[in-house]
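None of the values given here were measured: they were computed from a predicted structure.
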Amino acid sequence: RHQSVSQIFLLGISHRTASIELRERLDFSEQELPNATAQLLKRPSVNAVVVLSTCNRSELYVQCTDPKEAQKDLFDFLCEFKKISTDELQPIFYALAGTEAVRHLFRVSAGLDSLVVGEPQVFGQVKQAFAAAEKLHATNSVLNRLFNLSFVAGKRVRSETELGEGAVSISYAAVALARKIFGKLEKLSVLLIGTGEMAQLTGLHFKAQQVQKIFVTSRTPAHAEALAAEVEGEAIPWSQIDTILTSTDVVATATGANKPLLTKSQIDAAMRVRQNRPLFFIDIAVPRNVEPDVGFIEQVFLYNIDDLQMIVDNNLSKRSSQIEKSEAIVEDTVTLFTNWLRSRGAVPTVVALRQSFEAIRRAELERLKPKLASLSVADRARVEEISRLLIEKILLTPTEQLKAISNEATLAAYSDALEHLFELDSHADQPAKSESNPAVKTSTKTP
């Protein structure tokens with residue numbers, strides 16, 4: 001009957017609990033989402049649901065009638081829908097109810113629960129998940145408020161702290177360094193030597209910066225073609241490296257070669273043709289692909305993986321100093337939500353109390369009608385207004401006091417006492433269906 005924070009429930013798995021293989025099996029594709037959402041809304045305990053699925057987590061957020069029932073319903077749903085056995089799911093899932101579930105969502109949105117703390121992508125993914133649920137008419141006013149406040153927490157952390165500042169991956173640190181040297185990157189060309197994971201990530205980061213051109217080369221031409229297609233670049237033969245060195249701006253090397261591929265004499269020759277136009281090397285290979293002496297050539301900037309790791313470590317250290325401030329913002333927002341939800345718990349009693357007093361006022365005015373008949377229209381209107389204002393003033397303090405009660409048990413006791421003393425019916429005119437999805441659910445349980 002009364003709105004309770006315990007009706008917020010979350011069941012999920014993440015990079016903290018499950019291997020990548022299991023995360024892939026429990027991922028919800030865009031195509032699966034409508035059917036999965038419909039199936040979840042059919043579960044007896046579920047009033048509203050948002051499915052959050054990213055490469056690092058699959059989480060089901062529900063507004064429910066009973067957290068214990070919800071845990072069973074959501075667990076059974078995952079096993080059936082994803083064809084995963086109970087034994088496989090049991091060790092890797094987590095279930096959070098009430099304030100803990102609220103706090104978890106806000107921390108996710110703020111980037112505090114990410115594999116790389118402070119990464120911004122998850123904020124957009126939470127927004128997309130909520131938008132998808134709204135489109136499927138799967139949310140209600142409680143989940144709407146919950147997710148909108150999660151966006152408030154995420155935005156505040158980004159604007160009021162430096163949690164997301166600085167590169168915290170080797171590949172992104174490389175791009176950040178290039179920006180420091182060249183400023184804007186849009187007019188630059190980049191050469192990727194190698195096609196492994198590090199080269200791929202670096203290429204994707206440069207693509208995101210909208211560089212003018214990305215060349216890719218490898219001793220295996222098919223690999224170069226595949227990565228070039230992924231970064232919307234051009235694959236070039238291995239034999240053309242020296243030619244490209246005379247014109248490109250950035251060279252990222254990440255091959256498994258056991259001795260340097262690029263020598264000082266080779267780069268000296270390229271720089272003579274370039275007429276000392278700057279050349280930036282990112283050598284993220286171990287062993288190194290570029291001779292260390294290349295770094296002594298004028299207008300050549302050479303950074304290896306140790307240089308980049310120092311930048312990453314420094315940035316991670318800066319981020320960790322911002323965590324406490326970020327957690328405080330999350331706690332502020334959790335309090336906002338729980339206070340809002342508790343105040344909603346008082347609404348039915350407040351409405352019933354006002355309706356009862358209004359009924360008494362109208363009945364008394366009706367009873368006194370013969371005695372008021374001699375009054376002018378203006379005077380009768382004044383009596384009407386005075387009686388209405390009197391009721392407003394009498395009810396103002398009890399209404400504010402009731403809405404301000406933070407303890408759920410106390411709120412329920414006060415509400416019950418008022419209902420008993422004034423013979424109120426706070427269930428009158430309460431909707432029987434889920435408030436924003438009546439077509440899907442017909443439960444008579446009030447959220």
Side-chain angles (χ1 to χ4, degrees), residues 20-21 23-24 27 29 54-56 115-116 119-121 125 167-179 181-182 184-263 266-267 270 278-291 294 300-309 311-312:
I20 190 165
E21 290 78 17
R23 297 204 302 276
E24 284 170 348
D27 178 67
S29 68
T54 74
C55 57
N56 281 329
L115 190 60
V116 176
E119 62 90 5
Q121 285 85 358
Q125 291 164 333
V168 289
S169 71
I170 295 293
S171 51
Y172 193 71
V175 175
L177 264 177
R179 272 211 310 269
I181 290 166
F182 293 101
K184 291 186 177 179
L185 304 183
E186 288 90 339
K187 294 181 180 178
L188 301 187
S189 62
V190 177
L191 169 63
L192 296 179
I193 302 178
T195 55
E197 186 183 0
M198 290 296 278
Q200 178 195 30
L201 287 170
T202 306
L204 288 169
H205 282 307
F206 275 114
K207 178 192 168 190
Q209 295 294 318
Q210 299 178 317
V211 295
Q212 193 171 67
K213 187 80 176 178
I214 298 178
F215 298 100
V216 184
T217 189
S218 168
R219 291 192 190 276
T220 311
H223 292 173
E225 292 284 355
L227 181 53
E230 190 175 354
V231 298
E232 296 175 12
E234 178 188 337
I236 62 161
W238 187 264
S239 58
Q240 283 187 20
I241 287 178
D242 284 349
T243 306
I244 295 292
L245 284 173
T246 63
S247 59
T248 196
D249 301 290
V250 179
V251 181
T253 64
T255 78
N258 55 18
K259 61 181 182 180
L261 298 171
L262 301 176
T263 63
Q266 203 175 357
I267 307 308
L279 181 55
F280 178 46
F281 285 94
I282 305 157
D283 185 2
I284 43 185
V286 179
R288 287 175 285 185
N289 288 163
V290 183
E291 280 186 353
V294 166
V300 171
F301 302 87
L302 171 62
Y303 290 87
N304 62 37
I305 197 162
D306 285 350
D307 300 322
L308 296 177
Q309 189 62 54
I311 293 168
V312 167

Just wondering, more than 12 heavy atoms not from Gln121 lying within 6.0 Å of its CD?
-> yes
So does Glu186 have more than 12 non-hydrogen atoms from other groups sitting under 6.0 Å from CD?
->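 Atom CD in Glu186 is packed in, count exceeds 12.
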Answer yes or no: is there a side-chain heavy-atom contact under 4.5 Å between [X] and [Y]?
X	Y	value
Thr202	Val190	no
Val294	Leu262	no
Ile193	Ile241	yes

Measuring from [X]:[atom1] to [Y]:[atom2], what's the distance to the nearest 0.5 Å?
X	Y	atom1	atom2	value
Leu188	Arg179	CG	CZ	12.0 Å
Leu177	Ile311	CG	CD1	3.5 Å
Leu191	Thr243	CG	OG1	11.0 Å
Met198	Thr253	CE	OG1	10.5 Å
Ile181	Leu279	CD1	CG	10.0 Å

Could you pull out the closest heavy-atom pair between [X] and [Y], with the gap in Å?
X	Y	value
Ser247	Ser189	O-OG, 4.0 Å
Ser171	Leu201	OG-CB, 3.6 Å
Lys187	Asp249	O-OD2, 4.2 Å
Ile170	Ile284	CG2-CG2, 3.5 Å
Thr195	Leu227	CA-CD2, 3.8 Å
Pro287	Ala257	CD-O, 3.8 Å

Output every pair passing ring-ring contact (aromatic ring centres under 6.0 Å, His included) with a member in residues 186-224, not counting sequence neighbours, ordered by first then second residue.
-> Tyr172-His205
With no hydrogens and no angle check, is any side-chain donor or acceptor of Thr248 less than 3.5 Å from a backbone partner on Leu245?
-> no
Partners passing salt bridge (charged side-chain N to carboxylate O under 4.0 Å, His left out) against Asp307 (at least two apart in sequence or in another chain) =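 For Asp307 there are no salt bridge (charged side-chain N to carboxylate O under 4.0 Å, His left out) partners, ignoring immediate neighbours.
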Given Ile214 and Lys207, is the side chain to side chain contact (heavy atoms under 4.5 Å, CB included) satisfied, shown in steps?
-> CA-CA 8 Å; Ile214 298 178; Lys207 178 192 168 190; 4.1 Å; yes
How would you list, by chain and number, every residue that makes a side chain to side chain donor-acceptor pair (under 3.5 Å) with Ser218, sequence neighbours excluded?
->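 With sequence neighbours excluded, Ser218 shows a side chain to side chain donor-acceptor pair (under 3.5 Å) to no residue whatsoever.
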For Tyr303, check ring pair (Phe, Tyr, Trp, His ring centres under 6.0 Å) against everything at least two apart and list the hits.
->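 Residues passing ring pair (Phe, Tyr, Trp, His ring centres under 6.0 Å) with Tyr303: Phe280.
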Show which side-chain atoms of residues 230-239 pair as donor or acceptor with protein atoms under 3.5 Å away, not counting sequence neighbours.
{"from": "Glu230", "atom 1": "OE1", "to": "Gln200", "atom 2": "NE2", "distance (Å)": "3.0"}
{"from": "Glu230", "atom 1": "OE2", "to": "Gln200", "atom 2": "NE2", "distance (Å)": "2.8"}
{"from": "Glu234", "atom 1": "OE1", "to": "Lys213", "atom 2": "NZ", "distance (Å)": "3.1"}

Knowing that exactly one of Phe301, Phe281, Phe182 qualifies, which makes a side chain to side chain contact (heavy atoms under 4.5 Å, CB included) with Val250?
-> Phe182
For Arg288, check side-chain contact (heavy atoms from CB on, under 4.5 Å) against everything at least two apart and list the hits.
->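 So Arg288 forms a side-chain contact (heavy atoms from CB on, under 4.5 Å) with Asp283, Pro292, Asn304.
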